Amino acid sequence: MSSKIFKNAAEALQGITDDMTIIFGGFGLCGLPENCIAEIVKKEIKGLTCISNNAGVDDFGLGLLLKKRQIKKMIASYVGENAEFERQLLHGELEVELIPQGTLAERCRASTAGIPAFFTPAGYGTEVAEGKETREFNGKMYLLEQRFYADFSIVKAWKGDTNGNLIYRAATRNFNLPMAGAGKITIAEVEELVPAGELDPDQIHTPGIFVKRIFQGEKYEKRIEKVTVRSRE
Amino acid sequence: MSSKIFKNAAEALQGITDDMTIIFGGFGLCGLPENCIAEIVKKEIKGLTCISNNAGVDDFGLGLLLKKRQIKKMIASYVGENAEFERQLLHGELEVELIPQGTLAERCRASTAGIPAFFTPAGYGTEVAEGKETREFNGKMYLLEQRFYADFSIVKAWKGDTNGNLIYRAATRNFNLPMAGAGKITIAEVEELVPAGELDPDQIHTPGIFVKRIFQGEKYEKRIEKVTVRSRE
Amino acid sequence: MLDKNGIAKRISKELKDGYYVNLGIGIPTLVANYVPEGIQVTFQSENGLLGMGPFPFEGEEDADVINAGKQTVTMLPGGVYFDSATSFAMIRGEHVDLTVLGAMEVSETGDIANWKIPGKMVKGMGGAMDLVASAKNIIVAMQHVNKAGESKLLPKCTLPLTGIGCVKKIVTELAYLEVTKDGFKLLERAPGVSTEQIKNATLGKLIIDGEIPEMQL
Amino acid sequence: MLDKNGIAKRISKELKDGYYVNLGIGIPTLVANYVPEGIQVTFQSENGLLGMGPFPFEGEEDADVINAGKQTVTMLPGGVYFDSATSFAMIRGEHVDLTVLGAMEVSETGDIANWKIPGKMVKGMGGAMDLVASAKNIIVAMQHVNKAGESKLLPKCTLPLTGIGCVKKIVTELAYLEVTKDGFKLLERAPGVSTEQIKNATLGKLIIDGEIPEMQL
């Protein structure tokens, strides 16, 4: 019987080669597919076009790929907090395409849903609209934005089952949900992999049909970018 | 303090008047806002444009509004199983616009999400595409479809909380989810209304921001359209 | 000649391990009864179910658990419920591997008509237009000729279209055919049916290339 | 003259019972500390939280619970998590009642520039372009003049735009202003600030209509 279950990141990433386009889930360092990123560093895959909301920090997230010069082009909405990114960009070693965050999320969702293009108001009247078709609907101006065509999507969930069904925890759902299904092949890494039937069918966030490969990550560091706390009085 | 909680359907439907456009959740007779439909019959609101996947059966669902001639125009994907519907249509007493089911779902979702228009392949080369803009993306042909502008959305959920958060049960999620937020005002009727904080924030299907009014339905008949069973051997 | 169950059985041989499948109303629904042993197939219903099981036992029917044909059904372990927009994201996004549906007419270029007969009450296309516009792999299950004895495999459809150039395979009571760029290619004859019978029942261009084997069911 | 907390406090008076509010990074975040008593306001964070609460107590921070500024936060009872596509459905669909954000420049026609300074490292617009293109009600919280002493309320923005014709109100350390079709309309003076001071600090068209009241905080 066919199976979606893979032993680890190394096996799940089979077929990812140089110069591919890969979509990565997560927001900041929250809900990152840590094990896949570490494995891509190890595999030394180069020339990648990465689609992700952020580019990580210097020593975590996609920052690890940047450090090893594995990324050719970064498509993101916000790339601050990363000195190496800035260095490569200013030296012309890295291409960058910045996209409004909602447009990025919707373009991923459109890729998953087979919608080739849609109109959105974000960026109208700004440089984001340059070269794009604009149109008025009901008295407001919009731009036409298109879906992505990526080779792989890599997402991270809290729990997954052997059918590929996923449940996210708290704010880790972020881009992982619209990105699950957005690439030709979607790989999900999960903190806990359970047998099909253990998850409540009403509580699954990503139906397994969107996920082609799944594995339980070896460990999760879950680094926090900005610890902000209040003191107990 | 402002409150989204209403006592019953009669109060929650305040402001619905003749000739409005109303979106109704449900698929067939599954997940129907039964109490609101009954109340609209009682209020004798007329000239309605109804957007719903189906038109009910003769004596349940939107069929109840049809019987009282309260519907001027029906926008749906499938309107079989309803003799009164057929009669009114053949006698020119009812306008009907038939839309592919996925296009209907996506137009509702677009209305909720502030997307004025999107391209979809459904109906290309058929009469559904007549008068619509078509365009090729990546070697395939698509049509441009637009969002709705409706006065009210009326949806039904299993549980809701006082913040308007909703959880659907089983296959009742159907059109209720993309329709929640699609009208100017969304009314949700629920089988059980609980205080805010009782629902797990990871398990809510419709965030309360999409729901302006909520009430606990008096009773639910939950009629089954086609009982199909197997015998125990 | 095949009966309805025979048609479903022949189609079931096209199921592959790991497939996600959407079955239309009528003969297509019967395909679920013939999933070959040793493979796992997951059935999608466009009203929001993945992992649909058989009808419930008497007395266990649940109004909240129906399929796209509005029949009470059950869910298998590992199944999942979702909303209609997500459901058609699966369909439109080509995540469903195979769609099986009925038809009133199919043209030799793969056009399909199955939703409307002019002059008759129109019930609506439901999810059919999305399914045929999106599926990578569409098999039509239907009778070869209509009640008036006229071929349903035509050079061009005469009824309003559901979709164009989309049908890949057809299984009828007489034959298993593939839609190619040159027309209907006869792949298999139903048990006891001659090539001649199929030729007589097919109005669209029929390609008969060498000896045509009889179906093995 | 107002300090950062004073600006936040003035903005908080614009909150209405039942509002869903998105607060940008910086001064806007402080608005959450001054919600008037007796009203309920729900804070949205565009990475997928509705019903955001204060920072966690020391030792209770959770890597899975952050806001759009990547800070650890908490959720209030009745809150809900969701994905980024749904989050921007809320924003784009105009379900969020009020957006408060910072700016580098605002023009007298309501254009805003707050994401890019040519020649400097560009960090990206994040969710700002979606927020300003979609919100019904946008209040900008910023200093009236930049570090070089130049007015940030201009006839026309000089920096790359984030959105056009979208800013409704502005609160600075000097004043509370409304963007009207005729220009910046001075509504209130900050405590101890004269109309003359505001006039001198505003390069765009300033409308002073009668006696301008001093803010009540």
Side-chain angles (χ1 to χ4, degrees), chain A residues 1-6 23 105-118 147-150 153 157 159-167 173 177-186 188 193-214, chain C residues 15-22 35-53 62 64-67 73-99 127 129-136 163 166:
Chain A
M1 293 247 276
S2 80
S3 170
K4 295 182 173 184
I5 310 151
F6 286 72
I23 295 175
E106 192 65 14
R107 287 178 68 184
C108 290
R109 192 255 173 199
S111 309
T112 299
I115 299 286
F118 58 89
R147 63 164 287 187
F148 295 113
Y149 295 91
S153 276
K159 284 190 183 185
D161 73 16
T162 51
N163 282 355
N165 294 311
L166 304 179
I167 293 180
R173 208 182 307 175
L177 190 142
M179 287 174 168
K184 264 183 229 136
I185 293 174
T186 292
L193 184 62
V194 302
E198 282 205 8
L199 304 181
D200 181 340
D202 276 334
Q203 291 176 19
I204 290 162
H205 297 126
T206 291
I209 192 172
F210 294 119
V211 175
K212 289 274 178 292
R213 304 178 187 175
I214 191 167
Chain C
L15 299 174
K16 292 205 177 81
D17 193 20
Y19 261 20
Y20 289 95
V21 180
N22 184 293
V35 178
E37 264 183 55
I39 74 167
Q40 191 191 330
V41 169
T42 306
F43 293 106
Q44 199 250 18
S45 189
E46 62 266 29
N47 59 317
L49 298 85
L50 200 62
M52 207 175 13
D62 181 338
D64 292 344
V65 185
I66 65 165
N67 65 16
V73 292
T74 57
M75 278 287 262
L76 298 174
V80 49
Y81 295 108
F82 40 86
D83 67 279
S84 298
T86 301
S87 181
F88 284 91
M90 293 174 188
I91 291 167
R92 210 188 301 104
E94 300 186 7
H95 304 281
V96 173
D97 299 291
L98 173 65
T99 290
M129 282 196 183
D130 300 273
L131 283 160
V132 303
S134 307
K136 285 173 288 194
C166 51

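Reminder, nothing fancy here: chain letters follow the sequence lines and each chain counts from 1. Only a predicted model underlies this, so the values are computations on that prediction, with no experimental measurement involved. What's counted below: heavy atoms across the whole structure, side chains too, no hydrogens, waters or symmetry copies.
Contact tally against chain C (heavy-atom pairs below 4.5 Å) for A/G197, A/G208, A/A113: the top residue is A/A113.
Side chains of C/D17 and C/Q40: no donor on one and acceptor on the other come within 3.5 Å. A donor atom on one side chain and an acceptor atom on the other are found under 3.5 Å apart for C/Q44 and C/S87.
Of the atoms belonging to C/T42, not a single heavy atom falls under 4.5 Å from chain A. If you measure heavy-atom distances from A/N163 to chain C, the contacts under 4.5 Å come from both the backbone and the side chain. With a 4.5 Å cut-off on non-hydrogen atoms, A/R109 touches chain C through its side chain but not through its backbone.
Residue pairs meeting the salt bridge (Lys or Arg N to Asp or Glu O under 4.0 Å) criterion with at least one partner in residues 201-213 of chain A, sequence neighbours excluded, do not occur; the list is empty.
When side chains are defined from C-beta on, C/T86 counts as touching A/F210, because their heavy atoms get closer than 4.5 Å.
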